[in-house]
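In what follows, every chain begins at residue 1, and chains take the letters A, B, ... in the order their sequences are listed.
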Amino acid sequence: MTDTIQTPDTPAATFTDFGLHPSILQAVAETGYTTPTPIQAEAMPLVMDGRDVMGAAQTGTGKTAAFTLPILHRLMQYANTSASPARHPVRALILTPTRELADQVSDSVITYSKSTPLRSTVVFGGVDIGPQREALRRGCEVLIATPGRLLDHVEQKNVNLGQVGILVLDEADRMLDMGFLPDLDRIVRLLPAKRQGLLFSATFSNEIRKLGRSYLTNPAEVEVAARNATAENVTQIAYPLAGSEKRAAVVHLVKSRGFNQVIVFSNTKIGTSRLARELVRDGVKAESIHGDKSQLDRMKALDAFKAGELEVLVATDVAARGLDVAGVPCVINYDLPHSAEDYVHRIGRTGRAGKSGEAIAFYAPEEERYLQDIEKLIKSKIPRGHLALPAVSRRPAAPVRGERRAYTPGSAPTRAVDDFFDKPYVPSNTVSSPATPERSKPAAESGKKSIGVLLGGGR
DNA sequence: AAAAAAT
């Protein structure tokens with residue numbers, strides 16, 4: 001980590017150059033940020049001019065501030081300090097795909113609007129609707145929401161969207177993935193036709209362009225060099241590991257590398273819960289976050305992680321996009337995501353704000369194909385490594401109380417595992433010279449042999 | 001393939 005920042009040959013603008021309203025500029029100054037990121041430098045003047053914008057940018061590129069700051073600036077034209085809700089109609093509506101993201105955008109809006117009379121409210125599902133209803137009835141200029149709960153409020157007539165002059169669709173590609181299109185259509189029909197529209201997405205797919213055509217008017221396109229999300233400050237590596245070794249590998253990495261805050265991505269909600277539970281039993285401070293947990297538990301886990309009370313946050317892809325936790329030094333893909341784009345989003349949780357980060361992937365030999373898909377997308381090779389695990393931690397976990405252990409035939413570890421590590425086959429009941437299985441041969445070597453997966457690829 | 005989101 002160096003103190004010097006590599007500057008491109010563009011002149012280093014500062015936030016004072018944008019002509020932001022003084023109250024907003026003051027809040028920016030208090031955050032300590034002075035130099036806008038590329039997406040901010042490009043998008044902010046356009047938004048301040050009232051243009052519609054399609055932006056391609058990962059979160060962590062400063063995207064949230066890139067739309068929040070100019071929106072607040074524009075709203076200051078209407079600002080008043082009256083207590084009447086009628087005097088605080090919703091002027092800007094920001095939609096996000098997940099609840100956590102809505103909460104996070106809300107935090108940002110609160111931060112940047114604190115020296116202004118502008119009010120903001122955030123609404124999303126999974127929590128008591130009452131306080132949200134009260135807040136909406138008190139009035140707010142900026143509303144951040146997930147689509148479902150917003151429509152709920154609309155039906156209950158808690159909010160009127162008839163004066164929304166600015167609409168933001170954040171992580172629009174994700175919203176489409178999640179089937180929000182019908183909800184979005186319903187919401188947009190409630191808005192005035194004359195409005196400013198901003199749409200942010202990781203990529204400009206055909207579907208996104210179509211969405212842009214139907215919701216935006218003559219949008220300017222802002223594409224921040226996709227940074228491949230594999231920013232130079234994120235080191236990537238992939239370790240071939242058998243499923244039975246992955247948990248020990250997490251423990252080993254956390255303990256030996258001294259990572260204080262690691263996000264571990266698993267592909268399933270059940271696997272996520274179980275892994276967190278087992279890690280705790282292994283002496284790792286861990287919690288899980290996924291969509292089957294109550295919103296309260298999700299928020300608790302995230303808050304504990306942000307507060308540094310957890311070493312590991314085990315997560316499904318609910319946390320893959322947009323979540324901004326400062327200073328996460330390492331992301332582990334416990335399972336490889338089956339979509340290469342998800343990989344990019346997941347590892348984007350580390351190496352943020354110019355800090356360095358590590359992205360570690362575990363993979364089984366038959367998953368080599370996914371790794372290659374990812375490499376194709378990010379246009380670079382992910383080095384394969386070999387992780388030497390301390391022999392002792394390879395023992396299977398003792399059963400967690402009240403939980404049935406998966407059935408494992410007592411005397412026969414699966415042959416595939418042993419093949420993979422190029423070891424002689426040793427039934428586990430005869431095992432164990434105490435001076436245990438030093439794996440002399442890098443696992444990656446044997447991984448190379450699985451040519452079958454190469455042939456099997458391609459759709 | 002699985003995840004997320006109103007109840």
Enquirer: Rounded to whole Å, how long is the line connecting atom CD of A/Glu341 with atom C1' of B/dA4?
Expert: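 Rounded to whole Å, this separation is 16 Å.
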
Enquirer: OP1 or OP2 of B/dA4 versus the side-chain N and O atoms of A/Thr316: is any pair under 4.0 Å?
Expert: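 For B/dA4, OP1 or OP2 has a side-chain N or O of A/Thr316 closer than 4.0 Å.
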
Enquirer: Hey, is the side chain of A/Ser339 poking within less than 4.0 Å of OP1 or OP2 on B/dA1, counting only N and O atoms?
Expert: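 Checking A/Ser339 against B/dA1: no side-chain N or O falls below 4.0 Å of OP1 or OP2.
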
Enquirer: Please give, in whole Å, the distance from B/dA1 P to A/Asn333 CG?
Expert: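 Nearest whole value for this atom pair: 19 Å.
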
Enquirer: For the pair made of OH in A/Tyr370 and C1' in B/dA1, what is the distance, rounded to whole Å?
Expert: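 These atoms are roughly 7 Å apart.
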
Enquirer: Check this for me, if you would: do A/Glu155 and A/Arg186 make a salt bridge, where the nitrogen-to-carboxylate-oxygen distance has to be below 4.0 angstrom?
Expert: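 Result for this pair is yes, salt bridge flagged.
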
Enquirer: Nearest to the A/Asp342 side chain among B/dT7, B/dA1, B/dA4, which nucleotide is it?
Expert: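 The closest nucleotide is B/dA1.
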
Enquirer: Are A/His338 and A/Tyr370 an aromatic pair, judged by ring center distance below 6.0 Å?
Expert: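 Yes, the ring centres sit under 6.0 Å apart.
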
Enquirer: Within this structure, what is the CG-to-P distance between A/Asp170 and B/dA5, rounded to whole angstrom?
Expert: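 Distance check: A/Asp170 CG to B/dA5 P gives 15 Å.
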
Enquirer: Could you work out which one of B/dA5, B/dA4, B/dA1 sits closest to the side chain of A/His290?
Expert: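 Shortest atom-to-atom distance from the side chain points to B/dA4.
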
Enquirer: So, for A/Tyr363 and A/Tyr239, is the gap between ring centers shorter than 6.0 Å?
Expert: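 Between A/Tyr363 and A/Tyr239, the centre distance exceeds or equals 6.0 Å.
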
Enquirer: Salt bridge (charged side-chain N to carboxylate O under 4.0 Å, His left out) between A/Glu375 and A/Arg384: does it pass, once the steps are laid out?
Expert: CA-CA 12 Å; A/Glu375 289 176 327; A/Arg384 314 297 199 264; 2.7 Å; yes

Enquirer: How would you label the contact of A/Asp317 with the nucleic acid (heavy atoms, under 4.0 Å): base, sugar-phosphate, or nothing?
Expert: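 No contact.
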
Enquirer: Taking the six-membered ring of A/Phe362 as reference, does the cationic atom of A/Lys246 (NZ for Lys, CZ for Arg) lie under 6.0 Å from its centre and within 45° of its axis?
Expert: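 Not satisfied by the 6.0 Å and 45° rule.
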
Enquirer: A/Leu150 has an atom CG; how far is it from atom P of B/dT7, in whole Å?
Expert: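 After rounding, the gap between these two atoms is 13 Å.
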
Enquirer: Tell me the interatomic distance from A/Ile144, atom CD1, to B/dA5, atom P, rounded to whole angstroms.
Expert: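 After rounding, the gap between these two atoms is 17 Å.
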
Enquirer: If you check the A/Thr98 side chain, which of B/dA2, B/dT7, B/dA5 turns out closest?
Expert: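 Output: B/dA5.
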
Enquirer: To the side chain of A/Asp152, which of B/dA6, B/dA5, B/dA4 is closest?
Expert: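 Ranking B/dA6, B/dA5, B/dA4 by closest atom to the A/Asp152 side chain puts B/dA6 first.
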
Enquirer: Which part of the nucleic acid, if any, lies within reach of A/Gly179 when heavy atoms closer than 4.0 Å are counted: base, sugar-phosphate only, or nothing?
Expert: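 Contact class for A/Gly179: none.
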
Enquirer: With a 4.0 Å limit, can you tell me whether A/Arg99 has a side-chain N or O closer than that to the phosphate oxygens OP1/OP2 of B/dA3?
Expert: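 No, because none of the side-chain N or O atoms of A/Arg99 sits under 4.0 Å from OP1 or OP2 of B/dA3.
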
Enquirer: Mind checking if A/Arg298 touches a base, just sugar-phosphate, or nothing, with heavy atoms under 4.0 Å?
Expert: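 Counting heavy atoms under 4.0 Å across all strands, the contact made by A/Arg298 is with sugar-phosphate only.
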
Enquirer: CG of A/Asp173 versus P of B/dA3: gap in Å, rounded?
Expert: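 After rounding, the gap between these two atoms is 19 Å.
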
Enquirer: Rounded to whole Å, how long is the line connecting atom CD of A/Gln156 with atom C1' of B/dT7?
Expert: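 Rounded to whole Å, this separation is 11 Å.
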
